[in-house]
Amino acid sequence: MTKRGSCHCGAVQFEVDLDHGFEKLRRCNCSLCRRKGAVMASVTIDRLRVTKGQDKLSLYQWNTRQAKHYFCSVCGIYTHHQRRSVPGEFGFNVACIEGVDPYPFGDVTIGDGASASVV
């Protein structure tokens, strides 16, 4: 099933193919994710496509520069990132998916990015 997502202002839009619904739901406790507080799910890189606003995406990287965190340069919303721990996957902000409220997910696994030897 293909779901559509966007940032807050709609300048960035994307599609994500979810064969089995939202997989690997998590939050991360690294210094960046702890501040954004997003519930994330993951898909392989070929299953997420930016359909509008590629030119509006800003990239943020730090430390080893392996992880690539993307956000809308207009409204500032984090949409997705290429994972450091699994570079063949994108993590994406489930709250950006049309019709999804992340609060009913309840307890979400906390990934331990803060203890990783390389953040």
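The structure displayed is predicted, hence computed values, not measured ones. Position 1 is the first residue of the sequence; numbering continues from there.
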Could you give me the CA-CA distance, side-chain angles and deciding distance for Asp17 and Lys3, then say whether salt bridge (Lys or Arg N to Asp or Glu O under 4.0 Å) is met? CA-CA 6 Å; Asp17 298 326; Lys3 296 282 191 176; over 6 Å; no
Quick check on the hydrophobic clustering: are [X] and [Y] connected, directly or via other members, by side-chain heavy-atom contacts under 4.5 Å?
| X | Y | value |
| --- | --- | --- |
| Leu32 | Val108 | no |
| Val94 | Leu18 | yes |
| Phe90 | Val86 | no |
| Val43 | Phe105 | yes |

Would Ser42 and Arg26 count as having a side-chain donor-acceptor pair, cut-off 3.5 Å? yes
Side chain to side chain donor-acceptor pair (under 3.5 Å) with Gln61: which residues, sequence neighbours excluded? none
Sequence neighbours excluded, the answer for side chain to side chain donor-acceptor pair (under 3.5 Å) partners of Lys24 is Glu89
Asp19/Arg47 under side chain to side chain contact (heavy atoms under 4.5 Å, CB included): CA gap, chis, key distance, verdict: CA-CA 10 Å; Asp19 291 342; Arg47 295 184 175 273; 2.9 Å; yes
State whether the side chain of Gln13 and the backbone N or O of Gly10 hold a donor-acceptor pair below 3.5 Å, judged by distance alone. yes
Does any N or O in the side chain of Arg84 come within less than 3.5 Å of the main-chain N or O of Ala67, such that one atom is a donor and the other an acceptor? no
Show me the side-chain donor-acceptor pairs of residues 70-80 shorter than 3.5 Å, one per line, residues at least two apart or across chains.
residue	atom	partner	partner atom	Å
Ser73	OG	Lys56	O	2.8
Tyr78	OH	His81	ND1	2.8

So, do [X] and [Y] sit near enough that their side-chain heavy atoms are less than 4.5 Å apart?
| X | Y | answer |
| --- | --- | --- |
| Glu15 | Leu48 | no |
| Phe14 | Ile97 | yes |
| Phe22 | Val100 | yes |

Shortest non-hydrogen separation from Pro104 to Asp101 and the atoms involved: CD-O, 3.0 Å
Nearest non-hydrogen partners of Leu59 and Lys68, listed with the distance: CD1-CB, 3.4 Å
Kindly check if the number of other-residue, nucleotide or ligand heavy atoms within 6.0 Å of CZ (Arg4) is above 12? no
If you measure from [atom1] on [X] to [atom2] on [Y], what distance do you get to the nearest 0.5 Å?
| X | Y | atom1 | atom2 | value |
| --- | --- | --- | --- | --- |
| Lys36 | Cys28 | NZ | SG | 8.0 Å |
| Arg65 | Tyr60 | CZ | OH | 8.5 Å |
| Gln82 | His69 | CD | NE2 | 10.0 Å |

For a side chain to side chain contact (heavy atoms under 4.5 Å, CB included) check, start with the C-alpha distance between Met40 and Leu25, then their side-chain angles and the critical distance, and finish with the verdict. CA-CA 6 Å; Met40 299 170 275; Leu25 284 175; over 6 Å; no
Could you go through Arg49 and Thr51, starting from their C-alpha distance and side-chain angles, then the distance that decides it, and tell me whether this counts as side-chain hydrogen bond (donor to acceptor under 3.5 Å, both in side chains)? CA-CA 6 Å; Arg49 296 166 300 286; Thr51 57; over 6 Å; no
